[in-house]
Amino acid sequence: RDRFLQDECGTYDAAMRQHVRGGMRVVAPISEGAPLLSGSLREFDELLRQDGLLQKLNENPVAALPVKNKIRTVATRLAKLATKCNRQEGIPTTPEALWNHILTRTDEIYVVADEMRDVFSVVAKQLVRNSGLEEDALHIGPLKDPVRVHEKAMDDYTDRFPGELPEACVADIIRSKVVCATS
């Protein structure tokens with residue numbers, strides 16, 4: 001069930017979108033070229049720019065992919081999404097230009113995720129204990145990568161709140177699972 005749905009009429013609850021810390025407003029894009037406030041996004045950005053990787057992705061996406069690197073999945077997804085955008089929209093988009101666009105649209109989301117990660121971990125562990133499970137049944141995964149957040153938003157949420165940031169509808173930035181030995 002889509003938790004954004006307000007009623008049987010199919011209207012969406014705008015209050016369910018991602019908000020800035022304190023809840024005063026819905027997250028919004030930052031200005032292009034503005035400094036990134038999210039530590040997680042700065043780390044992704046540094047890794048993608050390391051050794052000219054973004055420039056190499058622009059020139060030859062397949063050859064540029066790092067063999068072993070924690071950024072390989074993000075770089076691969078970015079190159080594929082740039083190709084998809086070029087095919088669908090007919091507007092030439094380089095991986096680097098797309099990455100810069102994604103950074104502006106997701107920074108405020110990742111600022112909140114960075115701040116709430118530890119709180120999420122404490123609450124999730126307590127919920128697992130309250131359920132009678134061992135704490136090691138909880139597996140908190142990495143944050144959803146920003147390229148996937150953007151792709152999911154564009155594929156699934158662009159029509160929900162026209163004229164507003166669809167990335168604000170992506171709810172699973174911080175993720176976890178509980179593994180049970182028996183059902």
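All values below were derived from every heavy atom in this structure, side-chain atoms included, with hydrogens, water molecules and symmetry-related copies excluded. Residues take their numbers from the sequence shown, with the count starting at 1.
- Under the 4.5 Å side-chain criterion, counting only non-hydrogen atoms from C-beta, Leu54 is in contact with Leu78.
- Residues satisfying the salt bridge (Lys or Arg N to Asp or Glu O under 4.0 Å) criterion with Lys144, sequence neighbours excluded, are Asp172.
- For Glu59, the salt bridge (Lys or Arg N to Asp or Glu O under 4.0 Å) test picks out no residue, with sequence neighbours left out.
- Its side chain outside the 4.5 Å cluster rule for every partner, Met24 clusters with none of the Ile, Leu, Val, Met, Phe, Trp and Tyr residues.
- With values rounded to the nearest 0.5 angstrom, Thr76 atom OG1 is found 12.5 Å from Leu81 atom CG.
- Annotation for Pro166 and Arg105: closest pair CD-NH2, 3.2 Å, computed over non-hydrogen atoms.
- Scanning both residues, Ala79 and Pro95, for their nearest heavy atoms gives CA-CG, 4.4 Å.
- When the salt bridge (Lys or Arg N to Asp or Glu O under 4.0 Å) test is applied to Asp155, the partners found at least two apart in sequence or on another chain are Lys84.
- Taking CG from Leu98 and OG1 from Thr93, the interatomic distance works out to 6.5 Å, rounded to the nearest 0.5 Å.
- Environment of CG in Asn130: crowded, with over 12 heavy atoms of neighbouring residues, nucleotides or ligands closer than 6.0 Å.
- With sequence neighbours left out, the side chain to side chain donor-acceptor pair (under 3.5 Å) criterion links Glu134 to no other residue.
- Considering CD of Glu46 and CD1 of Ile71, their distance stands at 10.5 Å, rounded to 0.5 Å.
- Among residues at least two apart or in separate chains, there is no ring-ring contact (aromatic ring centres under 6.0 Å, His included) pair with a member in residues 22-60.
- The closest donor-acceptor contact from the side chain of Lys56 to the backbone of Asp51 lies under 3.5 Å.
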Lys80 vs Glu151, test: side-chain contact (heavy atoms from CB on, under 4.5 Å). Steps then yes/no.
CA-CA 10 Å; Lys80 287 180 179 178; Glu151 181 179 32; over 6 Å; no
Side-chain polar contacts of residues 27-39 - donor-acceptor pairs under 3.5 angstrom, sequence neighbours left out - could you list them?
residue, atom, partner, partner atom, Å
Ser38, OG, Ser40, N, 3.2
Ser38, OG, Leu41, N, 3.1
Ser38, OG, Asp114, OD2, 2.8

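- With sequence neighbours excluded, the residues that form a salt bridge (Lys or Arg N to Asp or Glu O under 4.0 Å) with Glu96 are Arg49.
- Val122 and Leu138 are members of different hydrophobic clusters when ILVMFWY side chains are connected at heavy-atom separations under 4.5 Å.
- The list of side chain to side chain donor-acceptor pair (under 3.5 Å) pairs with a residue in residues 15-29, not counting sequence neighbours, reads Arg17-Glu164, Arg21-Glu115, Arg25-Glu108.
- Considering Leu143, Ile173, Ile102 in turn, Ile173 is the only one that fulfils the side-chain contact (heavy atoms from CB on, under 4.5 Å) rule with Val149.
- Across all their heavy atoms, Val147 and Arg77 have their closest contact at CG1-CG, 3.5 Å.
- Note on Leu57: it clusters hydrophobically with Leu47, by side-chain heavy-atom contacts below 4.5 Å among ILVMFWY residues.
- Residues Cys169 and Arg160 share a closest heavy-atom pair of SG-CD, 4.3 Å.
- The heavy-atom pair separating Leu53 from Leu48 by the smallest distance is CB-O, 3.1 Å.
- Remark: Ser121 engages no residue in a side chain to side chain donor-acceptor pair (under 3.5 Å) (not counting sequence neighbours).
- The ring-ring contact (aromatic ring centres under 6.0 Å, His included) pairs that include a residue from residues 108-164 are His101-His150, where partners are two or more places apart or lie in different chains.
- By the rule that hydrophobic residues join a cluster once side-chain heavy atoms approach within less than 4.5 Å of another member, Ile109 and Val112 end up as members of one cluster.
- With sequence neighbours excluded, no residue forms a side chain to side chain donor-acceptor pair (under 3.5 Å) with Asn60.
- Clustering ILVMFWY residues whenever any of their side-chain heavy atoms sit less than 4.5 angstrom apart, transitively, puts Met116 in the very cluster that holds Val20.
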